[in-house]
Amino acid sequence: DNHWDDIFQLTKAAVTQGRKVVLYLEGNGVLLVQEPMFEIISSMALIFVCKESFKAKGLEKPVKGINSDQIVTSEKQAEIIEGCDRYLVL
């Protein structure tokens, strides 16, 4: 949740260069779904939210910018890592 601007700028730069961006938010990072700019970044990137963190932080569905099937278990994070050529953790 401390790196929202960094995530936004990196995503914007990658998309501008024609890259596909997938984000997996967990821990305090799930709080980013409450940020006003979340809908903007969700239009640029495919976003998945950790179900366990989502519940632990007391968040509720629906979330503008993502579908219910994008709130997933940590198993999805492993799938994302396997399917990408670059992975950045903030």
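Worth knowing before you read on, the calculation uses all heavy atoms, side chains too, and leaves out hydrogens, waters and symmetry mates. By convention here, the first residue in the shown sequence is residue 1.
- Taking NZ of Lys61 as the reference point, atom CD1 of Ile66 lies at 9.0 Å (rounded to 0.5 Å).
- Leu32 and Val22 are not part of a single hydrophobic cluster, where members link through side-chain heavy atoms under 4.5 Å apart.
- Taking each heavy atom of Lys64 and Phe38 in turn, the nearest pair found is O-CD2, 3.3 Å.
- For the residue pair Gln70 / Tyr24, no side-chain donor-acceptor distance below 3.5 Å is found, with atom types taken as modelled.
- Smallest separation of non-hydrogen atoms from Ser43 and Ile40: OG-O, 2.5 Å.
- Between Ile80 and Lys76, the closest side-chain pair of non-hydrogen atoms falls below 4.5 Å.
- Of the inter-residue distances, the one linking Arg19 atom CZ with Cys84 atom SG reads 12.5 Å to the nearest 0.5 angstrom.
- Rounded to the nearest 0.5 Å, atoms CD (Glu75) and SG (Cys50) are 12.5 Å apart.
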Quick one: do Asp6 and Gln9 satisfy side-chain contact (heavy atoms from CB on, under 4.5 Å)? Show the steps, please. CA-CA 5 Å; Asp6 296 327; Gln9 295 301 329; over 6 Å; no
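- Between Ser53 and Gly27 the shortest heavy-atom distance is OG-N, 2.8 Å.
- Atom OG1 in Thr73 sits 11.5 Å away from atom CD in Glu26 (nearest 0.5 Å).
- How far CG of Leu10 is from NE2 of His3: 11.0 Å, rounded to the nearest 0.5 Å.
- The shortest side-chain heavy-atom distance between Val49 and Val63 does not fall under the 4.5 Å cut-off.
- Residue Ile7 is grouped with residue Leu88 when hydrophobic side chains (ILVMFWY) are merged at heavy-atom distances under 4.5 angstrom, including chains of intermediate members.
- Atoms CZ and CD1, on Phe54 and Ile71 in that order, are 4.0 Å from each other to the nearest 0.5 Å.
- Val15 places a side-chain heavy atom less than 4.5 Å from the side chain of Met44.
- When every heavy atom of Tyr87 is checked against every heavy atom of Gln77, the shortest pair comes out as OH-NE2, 2.7 Å.
- No single ILVMFWY cluster, assembled from side-chain heavy atoms under 4.5 Å apart, contains both Val33 and Leu46.
- The shortest heavy-atom contact between Val30 and Lys57 is CG2-CG, 3.7 Å.
- In the hydrophobic clustering of this structure, Leu59 does not group with Val72; members are Ile, Leu, Val, Met, Phe, Trp, Tyr whose side-chain heavy atoms approach within less than 4.5 Å, directly or through other members.
- The closest side-chain heavy-atom distance from Phe48 to Leu23 is not below 4.5 Å.
- Across all their heavy atoms, Val21 and Ala14 have their closest contact at CG2-CB, 3.6 Å.
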